[in-house]
Amino acid sequence: KKKKGNMPAEVELQVILCRIPEIYSLLQKQLFLLEEAEGGFDQFTRSYNTFGVQRRPDNSLYFKEWAPAAEALFLTGDFNGWDKFSHRYTKKEFGKWELILPPKHDNSPAVDHNSKLKVVVHTKEGQRLYRISPWAKYVTKEEKAIIYDWVHWDPPQPYIHIHPRPKKPTSLRIYEAHVGIGSPEGKIASYNNFTTNVLPRIKDLGYNCIQLMAIMEHAYYASFGYQITSFFAASSRYGTPDELKQLIDVAHSMGILVLLDVVHSHASKNTEDGLNRFDGSDSCFFHSPPRGEHSLWDSRLFDYSSWEVLRFLLSNLRWWMEEYRFDGFRFDGITSMLYHHHGIGTGFTGDYSEYFGLQVDEDSLVYLMLANHVLHTLYPDCITVAEDVSGMPALCRKVEEGGLGFDYRLAMAVPDKWIQILKELKDEEWNIGNIVHTLTNRRYGEKCIAYAESHDQALVGDKSLAFWLMDKEMYTNMSSLIPMTAIIDRGMQLHKMIRLITHGLGGEGYLNFMGNEFGHPEWLDFPREGNNQSYHYARRQFNLVDMDHLRYGQLYAFDRDMNRTEDKYGWLAAPPAFVSAKHEEDKVIVFDRANVLFIFNFHPNKSFQDYRVAVEAPGKYKIKLDSDAVQYGGHGRLDHNTEFFTYPEPFNGRSNSIKVNTYGITFCDL
């Protein structure tokens, strides 16, 4: 390593190595304190059983809140005719407040199921504030209202899960999904619609895991679920908590895991229906400004050094695992959490000084380690995925090794590379070596989720891969009843090849955003003032797949068979691929992984006969997946009955070789 600044390389490395046990010791200290003060993290992370509202065996209701800056707390709601002063909380130690409501004369709870409540906070400055409990488990909004209401959720016959959690798969194939857009209709789709109409498609496509977005309640629909207002409430715009539980239960019956897209990196600035200024202060759950505000996201930032914030966030994770039986989490916005600069205006080169200096937020680091330690201790099959753009080392190493404990990280450079290529380069200008480098450039021993595109690339202001490739011709020339134009032909073939090479070479898991598997046209845009509150682009047109005369079904079939082929051979669970060819002039990439030989010809118009490629295992090879097959919108130029026999001639770093025919991207003359 070259000398950096005034610090010799060997000294810098020693500093880095010293930081790992130092950070781990901070975690151990936190665990010791939890054991001493709370009897361990098991009880501490079940605080949803003591905070908010709890029905006791005698049907009395116990209310508890943390509001350290408040002068007084009252409870009001339908149950007392919205009297603001009749039911006062009792102040306890450490900023806690308690209230007990005895049952009614008929021994039923004082607050009925589905009735509304509010916490009335009196501040030291004499203000009277109306708040939703941070622990509220169900909130709703009337059609023309702006503010959400806290609704007491205590159904007489709550949903009971039937099916056990599936075992953690060795190969993770994730279907990233949003319940609200899961219908061709221009409206907010429901949990029930997803269960009935979307789950069977995901199962058929061969995905074994769903990443559900925008589930934690968010007042602003167009935030895509990233401005959370109620952390313990499943969004009511799609249906009831029981309907979400049924969705997850049915997914489990299909052998599909369900991950929650969890947002613990920041929170909405909303006050009346959010966490912000809950007790009237500018801190409480957050750092005081300016540290407690994110300048780009216009949101509040948690104080991860606070005991009660740790209680709240760790219990939040436990709640979703226990109550809804999620199988893990995709942690959003990790980069913002890890650094005091939140990644704003900062580039990451991979130099270790960027990851282990004073710019690192140790409180956040310890929280993430603690979260992963708790989750993996209590739920050994729990899966955690980190969304981090910085490349933090040891993010996906075990906590006891000094890592942060995540199972996977998103390979965020891969989709950016594909978009850059399609936007800036002609086909003949593609840098084959750079593509391979981007797909293989990951830390050894830290598993990555590869993806060609996610929801980020589909959002308004950008375009999906299919739309970059085929653009307006998708409106007029996707019929299989007419010959393919040059643009549709090129777009169809590249759409399949980009996804397959990303699947095979890019990581230890694979992710696809709903609808992109069949080349969903256009972009994604939620109803807002800027589009006249239109739902036209806030939907997924699954009906396009069901129309036999459209080519969307061909892309769908390829995605399905790609996943099924991986399920058979397991390349995602295998060691990284051996790349034997990355030929710039021929635009050919060859690699083998899990005894599967991958051959890609990205040349815009050249085909090759008897093309020699390297293989390790001797014997007979047969075609198992062919992007040029007719059923996938290809031209059927390869005979699938052909058997390929190896020659005992070492080639490109492998012990054997075979000769194959490989065709250029498109059959049309360019």
Side-chain angles (χ1 to χ4, degrees), residues 30 34 38 44-48 50-53 63-71 73 89 91-97 118-124 127 129-137 139 148 150 216-219 223 225-233 262-295 297-320 331-334 336-337 340 342 361-368 370-371:
Q30 196 70 268
L34 283 172
E38 302 279 349
F44 186 68
T45 58
R46 288 182 183 268
S47 293
Y48 51 80
T50 52
F51 280 76
V53 54
F63 293 81
K64 185 175 183 180
E65 301 295 347
W66 177 62
E71 182 69 21
L73 256 64
Y89 285 74
K91 189 173 185 178
K92 299 293 182 181
E93 288 184 306
F94 311 116
K96 311 282 177 53
W97 300 82
K118 274 207 185 292
V119 177
V120 184
V121 178
H122 288 236
T123 70
K124 292 180 173 64
Q127 290 178 299
L129 308 173
Y130 296 90
R131 297 290 187 254
I132 289 177
S133 169
W135 302 80
K137 298 174 177 66
V139 296
Y148 272 74
W150 175 18
M216 301 167 74
E217 191 60 270
H218 47 293
S223 74
Y226 292 120
Q227 293 274 344
I228 306 300
T229 44
S230 290
F231 282 72
F232 286 81
V262 71
V263 186
H264 281 184
S265 49
H266 65 129
S268 168
K269 273 190 173 179
N270 287 20
T271 53
E272 287 196 49
D273 55 6
L275 289 183
N276 191 21
R277 302 184 69 89
F278 173 70
D279 63 355
S281 72
D282 63 2
S283 52
C284 196
F285 288 93
F286 311 106
H287 288 290
S288 296
R291 185 179 177 184
E293 293 182 336
H294 197 292
S295 59
W297 295 346
D298 193 31
S299 55
R300 297 303 312 267
L301 300 174
F302 287 105
D303 178 2
Y304 301 103
S305 67
S306 164
W307 192 262
E308 293 304 321
V309 171
L310 289 179
R311 181 195 305 279
F312 181 78
L313 294 176
L314 292 172
S315 295
N316 187 234
L317 297 174
R318 191 84 186 269
W319 164 257
W320 293 109
F331 281 74
D332 176 72
I334 292 298
S336 174
M337 298 175 68
H340 291 297
H342 309 300
D361 189 330
E362 288 187 350
D363 295 334
S364 301
L365 208 67
V366 172
Y367 165 67
L368 291 171
L370 189 59

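Under the ring-ring contact (aromatic ring centres under 6.0 Å, His included) criterion, H294 pairs with W297, H342, not counting sequence neighbours. Partners of R277 under the salt bridge (charged side-chain N to carboxylate O under 4.0 Å, His left out) rule, at least two apart in sequence or in another chain, do not exist in this structure. Under the rule for a salt bridge (charged side-chain N to carboxylate O under 4.0 Å, His left out), E65 has no partner lying at least two apart in sequence or in another chain. In this structure S299 satisfies the side chain to side chain donor-acceptor pair (under 3.5 Å) test together with H266, sequence neighbours excluded. With sequence neighbours excluded, no residue satisfies side chain to side chain donor-acceptor pair (under 3.5 Å) with D363. Residues passing the side-chain contact (heavy atoms from CB on, under 4.5 Å) test with A69, sequence neighbours excluded: D279, S281. Partners of K92 under the side-chain contact (heavy atoms from CB on, under 4.5 Å) rule, at least two apart in sequence or in another chain, are T90, K96, E98. Applying the side chain to side chain donor-acceptor pair (under 3.5 Å) criterion to D273, with sequence neighbours excluded, gives N270. Here E71 pairs with K124 under the side-chain contact (heavy atoms from CB on, under 4.5 Å) rule; sequence neighbours left out. Partners of T50 under the side chain to side chain donor-acceptor pair (under 3.5 Å) rule, at least two apart in sequence or in another chain, do not exist in this structure. Under the rule for a side-chain contact (heavy atoms from CB on, under 4.5 Å), the partners of R300 that lie at least two apart in sequence or sit in another chain are K269, N276, F286, P289, E293.
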For residues 309-317, dump all side-chain donor-acceptor pairs below 3.5 Å to protein atoms at least two apart in sequence or in another chain.
unit_1 : atom_1 : unit_2 : atom_2 : d
R311   : NE     : E308   : OE1    : 2.7
R311   : NH1    : S47    : OG     : 3.1
R311   : NH2    : E38    : OE2    : 2.9
R311   : NH2    : E308   : OE2    : 3.3
S315   : OG     : F44    : O      : 3.1
S315   : OG     : T45    : O      : 3.4
S315   : OG     : S47    : N      : 3.3
S315   : OG     : R311   : O      : 2.7
N316   : OD1    : H264   : NE2    : 2.8
N316   : ND2    : F231   : O      : 2.8

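Between atom CZ of residue F302 and atom CZ of residue F285 there is a gap of 8.0 Å, rounded to the nearest 0.5 Å. Here the OG-CD1 distance, from S268 to I228, works out to 9.0 Å after rounding to the nearest 0.5 Å. In this structure, R291 CZ and D303 CG are separated by 7.0 Å, a value rounded to the nearest 0.5 Å. Between the CZ atom in F232 and the CH2 atom in W135 there is a gap of 4.5 Å [rounded to 0.5 Å].
Between W66 and S306, the shortest heavy-atom contact is CH2-OG, 4.1 Å. Summarising the geometry of G333 relative to S265, their closest heavy-atom pair is O-CB, 3.5 Å, with the distance given to 0.1 Å. For the residue pair S230 and V139, the shortest heavy atom distance occurs at OG-CG1, 3.7 Å. Across all their heavy atoms, F278 and A67 have their closest contact at CE2-CB, 3.9 Å. The shortest heavy-atom contact between I132 and A136 is CG2-CB, 3.7 Å. Contact detail for V263 and G225: the closest heavy-atom pair is CG2-O, 3.9 Å.
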Before giving the answer on side chain to side chain contact (heavy atoms under 4.5 Å, CB included), spell out for M337 and D361 the whole-Å C-alpha distance, their side-chain angles and the decisive distance to 0.1 Å. CA-CA 7 Å; M337 298 175 68; D361 189 330; over 6 Å; no
Given Y89 and V120, is the side chain to side chain contact (heavy atoms under 4.5 Å, CB included) satisfied, shown in steps? CA-CA 10 Å; Y89 285 74; V120 184; over 6 Å; no
Kindly determine whether W150 and R131 satisfy side chain to side chain contact (heavy atoms under 4.5 Å, CB included), including the steps that lead there. CA-CA 9 Å; W150 175 18; R131 297 290 187 254; over 6 Å; no
Any chance you could lay out the side chain to side chain contact (heavy atoms under 4.5 Å, CB included) test for V119 and L73, step after step, and finish with the verdict? CA-CA 7 Å; V119 177; L73 256 64; 3.9 Å; yes
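Between Q127 and H122 there is no side-chain heavy-atom pair separated by less than 4.5 Å. By the 4.5 Å heavy-atom criterion applied to side chains, V262 and D332 are not counted as neighbours. In this structure the side chain of Y304 never reaches within 4.5 angstrom of the side chain of L370, judged on heavy atoms.
Cation-pi contact between K118 and Y130: absent, since separation from the ring centre below 6.0 Å together with deviation from the ring axis within 45° is not met. Figure legend: K137 and W319 shown as a cation-pi pair, the cationic atom lying under 6.0 angstrom from the six-membered ring centre and within 45 degrees of its axis.
Two rings, from F63 and W97, have their centers 6.0 Å or more apart.
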